[in-house]
Enquirer: 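Just passing along the structure, written as structure tokens.
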Amino acid sequence: MNHEEFLQHVFTSDDEALMGQSVLVALSGGADSVALLRALLEAGCHCHAAHCNFHLRGDESMRDEQFVRDLCTRLGVPLTVKDFDVAAWQQTHGGSVEMACRELRYAWFEQERERRQCGVIAVAHHADDQIETFFLNLLRGTGIKGLTGMNRLSGHIWRPLLAVSRRDILDYLSEIGQGYATDSTNAQNDYRRNRLRNIVLPIIEQQFPHGSERILDTIGHLKQDSEMLAALVSDAIPDTWHIDIQRLLGYTQAPTLLYHRLRHLGFNRSQCEQAIEAARAGHSGGQFIAPHHTMHVNRQSIDVEPTDTAPEIEIPIDLSTDVQTPIHITVARSSTPFSPLMCDGKNKVAFSAKLLDCQHIVLRHWRQGDRMKPFGLKGSKLVSDLFADLKLDHAAKRDTWLLEADGNILWVLGYRTSSLYAVERESQDYLLLILENLQEKFA
């Protein structure tokens, strides 16, 4: 394609809003990034360049940096250069050199984007990179999402060159008389992507002329299918956080459906398959952990919640008067001799007035390891075991309040009381606590 056709393929009408902003250009000095910068400048974009020097190729790394500096000076483009210690990052985080460079690069690009007040970060991925990504994901084992390749716009990352090939880029640079730096490691086959680029894909193109174009067509079709699938999944499971089990099990491919609904939260196929197995078997209480979320399989629903995002809450209360928040508890004192018939042990309970001598009385939610001494039983019991006996699902356990006094759990509101601060029959010095308007919820 000629110069004009190249620019028409690079920029679409959808890019107008992006081109009106300042753009941070990831500039390595190679042909792809140099063509990206020149094309953006031709389109009238206000560009800032950012160059990473990982110092992995000795003199060649310094040569690339100098080339970038000279190019930006000649074009009048502001440039920031960042030096990185890849080995030090690996010692702390582990992973391959490729992974380290990627993490360092994109983290710094975002910092620089904010500092420069740029709208987007333009990177030079092109159509050949898209095909390589397709095959890499295919060979790793992936689903439809992994075969759709890179998006043209993903968050603040903009990839204007996805519609042009490496050959198109080289022709464009030749036509405008623009040189570029060559990375000698691209010719080495130490990395999987290089082996695909240098060995596999040339054979495919030789044996199947125009095969690359057909692969790109396939990627485009898969992207459309993926978008349609996402819409259908959202219709089938409208609520990510509270999923009705009976509705979910009505679908033949329930594990796949659940996976596509929750994959963006980090849950994998195996976890979703196990969750469906537990749901079909009627087993409640199962938990599956993603990096920042937990999935709970309950009797009637699968509930998902963020993990450790909220601090533990303790709400001090004064039992010398009615409690108004977080729930309403009526506190009554009477000279009428006490009878066990005054209480039900769940929503209406009694404690000795000595409870008022405690220094720290709070309402809070259940924590792992909580124990209490249930009234009528010898010894103590884990509150979690009490919940299991009551067959409470995760949502009910999460919403249940505990009354704690000086570190002792006295009342699992709506369910059980402790034997501590018990009231003797005929006593005339006691507190009667009545849980208001929540009987139906806790029944």
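For the single chain, residues carry numbers from 1 onward in sequence order.
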Enquirer: Between CG of L410 and NZ of K373, what distance do you get to the nearest 0.5 Å?
Expert: 11.0 Å

Enquirer: When you measure from the side chain of Q287 to the backbone of H296, do you find a donor-acceptor pair of N or O atoms at a distance under 3.5 Å?
Expert: no

Enquirer: State, without any angle test, whether D168 and H9 hold a side-chain donor-acceptor pair at a distance under 3.5 Å.
Expert: no

Enquirer: Measure the CD1-CG distance between I144 and D225 for me, rounded to the nearest 0.5 Å.
Expert: 5.0 Å

Enquirer: Please give me the minimum heavy-atom distance between H264 and T240, naming the atom from each residue.
Expert: CE1-CG2, 4.2 Å

Enquirer: Specify the closest pair of heavy atoms between Y259 and C272, including all atoms of both residues, with the distance to one decimal.
Expert: CA-SG, 3.4 Å

Enquirer: State, yes or no, whether a side-chain contact exists between W411 and I329 at a heavy-atom distance under 4.5 Å.
Expert: yes

Enquirer: Do L170 and Y180 have side chains that get closer than 4.5 Å, going by heavy atoms?
Expert: yes

Enquirer: Count the heavy atoms of every other residue, nucleotide or ligand shown that sit under 6.0 Å from CD of Q300, and state whether that count exceeds 12.
Expert: no

Enquirer: Taking it one step at a time, do D406 and H360 satisfy side chain to side chain donor-acceptor pair (under 3.5 Å)?
Expert: CA-CA 5 Å; D406 288 350; H360 189 62; over 6 Å; no

Enquirer: Would you call E273 and R269 a salt bridge, taking side-chain N to carboxylate O under 4.0 Å as the test?
Expert: no

Enquirer: Does a side-chain heavy-atom distance below 4.5 Å link I219 with L147?
Expert: no

Enquirer: What distance do L196 atom CG and L139 atom CG have between them, rounded to the nearest 0.5 Å?
Expert: 6.5 Å

Enquirer: Evaluate the side chain to side chain contact (heavy atoms under 4.5 Å, CB included) criterion for residues E305 and H293: first the C-alpha distance (whole Å), next the side-chain angles of each, then the deciding distance (0.1 Å), finally the verdict.
Expert: CA-CA 6 Å; E305 65 176 3; H293 293 82; over 6 Å; no

Enquirer: Is the shortest side-chain N to carboxylate O distance from R167 to D128 below 4.0 Å?
Expert: no

Enquirer: Which heavy-atom pair separates D303 from N298 by the least distance, and what is that distance?
Expert: OD2-ND2, 2.6 Å

Enquirer: Go through the side-chain N and O atoms of E205 and S212 and say whether any donor and acceptor fall under 3.5 Å apart.
Expert: yes

Enquirer: Relative to the ring of W89, is the ring of H93 parallel (under 30°), tilted (30 to 60°) or perpendicular (over 60°)?
Expert: parallel

Enquirer: Please verify the inter-ring angle class for Y415 with F387; under 30° counts as parallel, over 60° as perpendicular, anything in between as tilted.
Expert: perpendicular

Enquirer: Counting C-beta onward and ignoring hydrogens, is there a side-chain heavy-atom pair between M150 and T133 closer than 4.5 Å?
Expert: yes

Enquirer: State the CG-CG distance between L162 and D129, to the nearest 0.5 angstrom.
Expert: 8.0 Å

Enquirer: For H126 and S165, work out which heavy atoms get closest and say how close.
Expert: ND1-C, 4.5 Å

Enquirer: How far does CD1 of I131 sit from CG of L136, to the nearest 0.5 angstrom?
Expert: 12.0 Å

Enquirer: Tell me if a side-chain donor or acceptor on N151 pairs with a main-chain N or O of L153 at a distance below 3.5 Å.
Expert: no

Enquirer: Checking side-chain polar atoms at under 3.5 Å, does E42 have a donor or acceptor matched by the opposite partner on Y172?
Expert: yes

Enquirer: Heavy atoms, side chains only, cut-off 4.5 Å: are D85 and F54 in contact?
Expert: no

Enquirer: Restricting to non-hydrogen atoms, name the atom on A50 and the atom on L24 that form the minimum distance, rounded to 0.1 Å.
Expert: CB-CD1, 4.0 Å

Enquirer: Can you see which heavy atom on T148 is nearest to which on Q130, and at what distance?
Expert: O-NE2, 4.4 Å

Enquirer: Does a side-chain N-to-carboxylate-O contact under 4.0 Å join R113 and E110?
Expert: yes

Enquirer: Answer yes if the side chains of N268 and S270 hold a donor-acceptor pair under 3.5 Å, and no otherwise.
Expert: no

Enquirer: Atom CZ of F67 and atom OG1 of T182: how far apart are they, to the nearest 0.5 Å?
Expert: 9.0 Å

Enquirer: Tell me whether R166 is salt-bridged to E132, with the criterion being a basic N under 4.0 Å from an acidic carboxylate O.
Expert: no

Enquirer: Using distance alone, with no hydrogens and no angle criterion, decide if S22 and Q117 have a side-chain donor and acceptor under 3.5 Å apart.
Expert: no

Enquirer: Please confirm whether the ring centroid of H51 lies under 6.0 Å from the ring centroid of W108.
Expert: no

Enquirer: Do the non-hydrogen side-chain atoms of V349 and K346 ever get within less than 4.5 Å of each other?
Expert: no

Enquirer: Residues in salt bridge (Lys or Arg N to Asp or Glu O under 4.0 Å) with D389, at least two apart?
Expert: K381

Enquirer: Could you check if a side-chain atom of F267 sits within less than 4.5 angstrom of a side-chain atom of V304, using non-hydrogen atoms only?
Expert: yes

Enquirer: Without hydrogens or angle criteria, can the side chains of T80 and R116 be said to hold a donor-acceptor pair below 3.5 Å?
Expert: yes

Enquirer: If you measure only the distance, is there a donor-acceptor pair under 3.5 Å linking the side chains of N189 and N194?
Expert: no

Enquirer: Is it the case that S33 and S28 place a side-chain donor and acceptor less than 3.5 Å from each other?
Expert: yes

Enquirer: Donor-acceptor pair, R261 side chain versus I237 backbone, under 3.5 Å?
Expert: yes

Enquirer: Before accepting this row, confirm whether a basic side-chain N of the pair D217/R214 lies closer than 4.0 Å to the acidic partner's carboxylate O.
Expert: yes

Enquirer: Would you say the side-chain atoms of S284 and R299 include a donor-acceptor pair closer than 3.5 Å?
Expert: no

Enquirer: Under 3.5 Å, is there a donor-acceptor pair between the N408 and E404 side chains?
Expert: no

Enquirer: When you look at CZ of R102, are more than 12 heavy atoms from neighbouring residues, nucleotides or ligands closer to it than 6.0 Å?
Expert: no

Enquirer: Is a salt bridge present between D64 and R57, judged by a nitrogen-to-oxygen distance below 4.0 Å?
Expert: yes

Enquirer: For H55 and F84, I'd like to know if the aromatic rings sit close, meaning centre-to-centre distance below 6.0 Å.
Expert: no

Enquirer: Under a 4.5 Å cut-off applied to non-hydrogen side-chain atoms, are L79 and R69 in contact?
Expert: yes

